[in-house]
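Numbers restart at 1 for each chain; the letters A, B, ... are given by sequence-line order, proteins then strands.
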There are 2 protein chains.
Amino acid sequence: MELKPVAERFVLHWGEMGSTWGVNRTVAQVHALLFIAGRPLHAEEIAETLGVARSNVSMSLRELQNWNLIRVVHLLGDRRDHFDVTSDVWNLFRTVVRERKSREFNPTVNVLRECTQSPDFSREDAGAQARIKETLALMEVLSTWADEMLALKPETLMKILKLGARIQNLVAKAKRTPKADGAS
Amino acid sequence: MELKPVAERFVLHWGEMGSTWGVNRTVAQVHALLFIAGRPLHAEEIAETLGVARSNVSMSLRELQNWNLIRVVHLLGDRRDHFDVTSDVWNLFRTVVRERKSREFNPTVNVLRECTQSPDFSREDAGAQARIKETLALMEVLSTWADEMLALKPETLMKILKLGARIQNLVAKAKRTPKADGAS
DNA sequence: CCGATATTTCAGTACTTACAGAAATTAGCG
DNA sequence: CGCTAATTTCTGTAAGTACTGAAATATCGG
């Protein structure tokens, strides 16, 4: 497949960002290619288009599957696996956030919990104890909040995002008239 | 400086997470050590405690300064630079989010903008054009939202976080009675 | 069940990044 | 202005990661 100029730019940029996003260049490029192609591609076609080894594509596809970003599909009369990525950016966004949370956030919450529950915890300096507790408390609030936001319908979430900082007015109002927050 | 068991666990864990957070092990360990110590440390003390080369600490401290996570302080009668990290977890959180946004998010927003404005953009498949535009639109909404949230006072932000998914009730109510969202 | 095609695994190599130790530079102090 | 302590920069090496090409395995059609 020949990429048109903007598609090529997109794929190359996605690849460059990969390292800051925690995946390698090829993985990010494969993802970008599938996203821009808008139809399922087979490994051979991906390898040719990106100019990387077939085996490298195989590994990258597996990695993308671990991220829940792609799925295998089959076309009638074609034995080859084809790979499809969601073209819904909301879905993409939510999957990435969910995965990164579980890789970059949850492990630390767990360790901090273990730290505070350890019999050795009381032997630490008072200040250190306090900072660990505060860190854990903030992370737990953020974790719960993120899970709840991820569970909302995209339209609802979008409304909240677009409201932006004006949200504070609603929160302030809710405080004055507690009934306003309803029950969940 | 001898680390007590929980502090050691904390520092080692922070170091292990470093790679998923986009910094190397030593950088994350130095940060963890300063955070847990709760007082400014000089490079020599850091190197000894962590068991790494003095020069490595120097590079790591520079990196942490690039992240706006530490600052140099001086003690009376001591020529050496001492390094202090904010012990306020809210500050830490906001700095990290701000920095990661500017490294992992903003560059892509810029490239996508350039893509859509390129004269070659119209030559792409209609579907590809649409997906790039949608991606850009979502990222711009998220970007604005994040900047606004980062600008709020911690107490306000905390209230919003604690409200969690119940926020949608306020948003729904605001829609029914538009005055409720006030003006900003 | 055989042959052809598709896919995965593996071993070696190239590339990148992290690190130590030495050398060079900077900054205070007498 | 020279001496000493502190810090940074530099160079080589080690460790880690990504990638290729080949070999092994699996899958499907006939």
Side-chain angles (χ1 to χ4, degrees), chain A residues 1 11-34 40-67 69-84 103-104, chain B residues 1 11-12 14-34 40-67 70-84 103-104:
Chain A
M1 189 168 72
V11 169
L12 290 175
H13 173 75
W14 222 248
E16 283 158 11
M17 293 305 287
S19 48
T20 85
W21 295 340
V23 295
N24 69 43
R25 186 161 33 99
T26 310
V27 170
Q29 282 184 354
V30 170
H31 178 261
L33 177 60
L34 290 171
L41 303 178
H42 56 85
E44 188 65 33
E45 195 168 8
I46 296 170
E48 266 175 28
T49 307
L50 297 180
V52 298
R54 178 70 189 69
S55 55
N56 191 7
V57 171
S58 182
M59 299 293 267
S60 299
L61 289 168
R62 170 196 299 271
E63 177 77 357
L64 288 169
Q65 284 178 297
N66 290 340
W67 276 80
L69 284 172
I70 61 171
R71 65 198 175 112
V72 185
V73 296
H74 287 98
L75 278 62
L76 277 175
D78 193 333
R79 283 173 51 189
R80 296 169 297 189
D81 288 351
H82 287 63
F83 297 88
D84 202 9
R103 287 155 209 250
E104 303 176 13
Chain B
M1 189 168 70
V11 169
L12 290 175
W14 222 248
E16 283 158 11
M17 294 304 287
S19 47
T20 85
W21 295 340
V23 294
N24 70 43
R25 185 159 37 99
T26 310
V27 170
Q29 282 184 356
V30 170
H31 178 260
L33 176 60
L34 290 171
L41 303 178
H42 57 84
E44 188 65 32
E45 194 168 10
I46 296 170
E48 267 176 27
T49 307
L50 298 179
V52 297
R54 180 69 189 68
S55 56
N56 193 7
V57 171
S58 182
M59 298 294 267
S60 299
L61 288 169
R62 169 197 301 272
E63 176 78 357
L64 288 170
Q65 283 177 296
N66 290 341
W67 276 80
I70 61 170
R71 64 198 175 113
V72 185
V73 296
H74 287 98
L75 278 64
L76 276 175
D78 193 334
R79 284 172 50 187
R80 296 169 297 188
D81 289 350
H82 287 63
F83 297 87
D84 202 9
R103 286 156 209 250
E104 303 176 12

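- Between the CG atom of B/L76 and the P atom of C/dG28 there is a distance of 14 Å, given to the nearest Å.
- Following rounding to the nearest Å, A/R62 (CZ) and D/dA26 (P) show an atom-to-atom distance of 13 Å.
- If you check C/dA20, C/dA6, D/dT20 against the side chain of A/R80, the one that comes closest is C/dA6.
- In this pair, A/H42 and A/H82 present their aromatic rings perpendicular. The plane angle is above 60°, beyond the 30 to 60° band.
- OP1 or OP2 of D/dC19 has at least one side-chain nitrogen or oxygen of A/T26 nearer than 4.0 Å.
- For A/R25, whose side chain is taken as the heavy atoms from C-beta onward, the closest listed nucleotide among C/dA22, D/dT20, D/dC19 is D/dC19.
- In this structure, CG of B/L61 is placed 9 Å from P of D/dT7, rounded to the nearest angstrom.
- For the residue pair A/N24 and A/V27, the shortest heavy atom distance occurs at OD1-N, 3.0 Å.
- Contact annotation: the side chain of A/R62 approaches that of A/N66 to within less than 4.5 Å [non-hydrogen atoms, C-beta and beyond].
- Atom CZ of B/R71 is surrounded by 12 or fewer heavy atoms from other residues, nucleotides or ligands within 6.0 Å.
- Ranking D/dT9, C/dC19, C/dC10 by closeness to the B/N56 side chain, first place goes to C/dC19.
- We find that CG of A/N24 is positioned 12 Å from P of C/dT17, with the value rounded to whole Å.
- Ranked by how close their nearest DNA chain C nucleotide is to the 5' end, A/S55 and A/D78 are led by A/D78.
- One interatomic measurement links the two molecules: NE2 of B/H42 to P of D/dT8, which rounds to 14 Å at whole-angstrom precision.
- Neither OP1 nor OP2 of C/dA20 sits under 4.0 Å from any side-chain N or O of B/R54.
- One atom, CD of B/E45, and another, P of D/dT7, lie 12 Å apart when rounded to the nearest Å.
- For D/dA5, the base has a donor-acceptor partner in the side chain of B/R79 [N/O atoms by modelled type, under 3.5 angstrom].
- To the nearest angstrom, P of C/dC19 lies 8 Å from CD of B/Q29.
- Going from atom NE2 of B/H74 over to atom P of C/dT26 covers 17 Å, rounded to whole Å.
- Closest non-hydrogen pair, A/W67 versus A/W21, comes out as CH2-O, 4.4 Å.
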